[in-house]
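In what follows, a structure is listed as structure tokens, so that the remarks can point back to it.
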2 protein chains.
Amino acid sequence: MNKQVTSDGTVGKALELLDMVVAFGRSVRFSEVLEVSPYPKATTHRLLQTLTNQGMLAFDDERHVYVPGMRLVRIARHAWNQSSLGPLALPFLQTLAADVKETVHLAQMEHGRVVFVEKTTPDEGFKTMATPGRRSPAHCTGVGKVMLAFMDDTRRAAALECQTYEAFTPNTHKSEKTLLPELAQIRAEGVAFDREEHEEGIISIAAPILGGSNRVIGSLSVVTSTFRMSLKDIEKFRPALQRTAAQIGGEAAVWPYPIAQ
Amino acid sequence: MNKQVTSDGTVGKALELLDMVVAFGRSVRFSEVLEVSPYPKATTHRLLQTLTNQGMLAFDDERHVYVPGMRLVRIARHAWNQSSLGPLALPFLQTLAADVKETVHLAQMEHGRVVFVEKTTPDEGFKTMATPGRRSPAHCTGVGKVMLAFMDDTRRAAALECQTYEAFTPNTHKSEKTLLPELAQIRAEGVAFDREEHEEGIISIAAPILGGSNRVIGSLSVVTSTFRMSLKDIEKFRPALQRTAAQIGGEAAVWPYPIAQ
DNA sequence: TGCAAAGTCCCGAATAGTGGAACAAATGTT
DNA sequence: AACATTTGTTCCACTATTCGGGACTTTGCA
């Protein structure tokens, strides 16, 4: 089992480029892709052509830009409905957000990183870095730490391998040294706190979503800012948070969602 | 230029399998994939492994099934927001549906086939069986014919190449012989009608959505059944339909959406 | 426990991907 | 309008990668 996995073969390279193009979040020119592509010009070009041929990208030959293609869009629609917790969890999130009157995040884990799947704000609150579809590191977020804490040992080991320990604030964990003990504590407590580890002024309380066989399939958090509440204050969200996480987990148990890894 | 495009290289094969797995719409076992895979067991297995490695699929090693992976889900979220007309057009669809009190379909074209992107029904929200993400032939649907009619000659030629002329009802076009004249007429009229060509009892009126440079990026239709209305009746939807299509096109003009092909 | 079916792995042959470099097209500049 | 520069596309010999028959291992069921 490859632990790091960067690319296997042409398929890996092509998907890497696809990911890059899509991640731009807008239409891109060939040269822009080339700049971030680790492959030589000819190769990059050919791979993009292949992806375009396959309908995963579309090339606008008037503006000379690449955009996600219809085939990807179609697959996207299926994959989203089928494998993201989003559609299933959204009603629960809304109830919770209305209940606690704070922002609620739903996340899943991809290869040691947190993917924000859905987000609900009760009012039009402040904005955080999290946007649905965005990826963040796991070591510095409530949703990330709680998933790490509750996944099984093998997966956790693999996920920890991928952590970069990038320091976003003074509170960010700098290495396993401090992270591992906290994970143990989170496991004991059942919830994780983000103590301004990703963004200054932003704190959260997070609970794991456990599917069948108690495997972690995602996590849920209530997010707020230090201007409005303290770490102590947000502890009161715990019952509602855990109840909602359990409800989502119950709904999801019958369906094999991807396991956090 | 490959006209049919079934596979270029490994990447094509891998994507083909990915498409198949996702199209199942549920978790699948290896043997199920193998059944529909055109490749030998060893190859199919290796490709699925690669996709799993890449996070495009996830393998549940407890239930021994493949599901769409987190990476695909993340890419999906991006691609959907960026390249489907769905998010942008949804409010307009809802207004139109409420206005005409009938079901409204939004479609885009992928390689000569119609992809239903969004669907709104006036009364009960948007909970219908015909899941968005479904593909249908173009020759027998209002949304399909109207896109064929308005796309440029090169693209139309390519798209027509892909038509199967499968006969769903007695009214379905059986060949270019009858389809081409109708396309000319649709071009002249500005709208297309589905005269029970896909499903008996189902009729629709469809208008093209034109983006920048008047290129077809999608289409819109009002759908109803012959039990409620006649072909003559639905002509009255034309003004609202065309107005909505123009509004969506206007919104979309500044952003390079994939062109119908 | 045993056996059929499902899933995984191996390795030589040959196909398909690679990327430097030349070419072409679009864009900018004098 | 002619030239320079940047951007995008094609070619082709080389070789790393994929292919897939078949053997092996694991799983599920009787």
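Numbers restart at 1 for each chain; the letters A, B, ... are given by sequence-line order, proteins then strands. Just so it is clear, the model here is predicted, and its values are computed rather than measured. What you see below is based on every heavy atom in this structure, not just the backbone, and it leaves out hydrogens, waters and symmetry mates.
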Exercise. Between B:Ser31 and C:dG7, is there a side-chain N or O to OP1/OP2 distance below 4.0 Å?
Worked result: yes

Exercise. So what is the end-to-end bend of the helix from C:dT1-D:dA30 to C:dT30-D:dA1, with 5 pairs used at each end and the value given to 10 degrees?
Worked result: 50°

Seminar exercise, completed: To the nearest 0.5 Å, atom CE of B:Met56 lies from atom CG of B:Leu48 at 13.0 Å

Exercise. If only atom types and distance count, is the side chain of A:Gln163 paired as donor or acceptor with the main-chain N or O of A:Gly112 below 3.5 Å?
Worked result: yes

Exercise. Quick one: does A:Ser219's side chain have a donor or acceptor within less than 3.5 Å of a partner on A:Val143's backbone?
Worked result: yes

Exercise. Quick one: is B:Arg29 getting a side-chain N or O under 4.0 Å of the C:dA6 phosphate, OP1 or OP2?
Worked result: no

For this session: Evaluate the side-chain proximity of A:His64 to A:Phe30: yes if any heavy-atom separation is below 4.5 Å, no if none is.
Result: no

Exercise. Looking only at heavy atoms, which two atoms of A:His173 and A:Tyr165 are closest? And how far apart?
Worked result: O-CD2, 3.8 Å

For this session: Whole angstrom is fine here: how far is it from CG in B:Leu51 over to C1' in D:dT18?
Result: 14 Å

Exercise. For B:Leu34 and D:dG20, what is the distance between atoms CG and P respectively, to the nearest whole Å?
Worked result: 13 Å

For this session: Compare all side-chain heavy atoms of A:Arg134 with those of A:Lys119 and state whether any distance is below 4.5 angstrom.
Result: no

Exercise. Would you call A:Arg77 and B:Glu118 a salt bridge, taking side-chain N to carboxylate O under 4.0 Å as the test?
Worked result: yes

Problem set entry | Euclidean distance, atom CD of residue A:Glu35 to atom P of D:dG8 [Å, nearest integer] | 10 Å

Exercise. Can you give one letter per nucleotide of nucleotides 8-23 of chain C, going 5' to 3': B for a protein heavy atom under 4.0 Å from the base, S for sugar-phosphate only, - for none?
Worked result: BB-------SBBB---

For this session: Test A:Leu47 against every option in A:Thr10, A:Leu57, A:Thr52 by the side-chain contact (heavy atoms from CB on, under 4.5 Å) rule and name the one that passes.
Result: A:Thr10

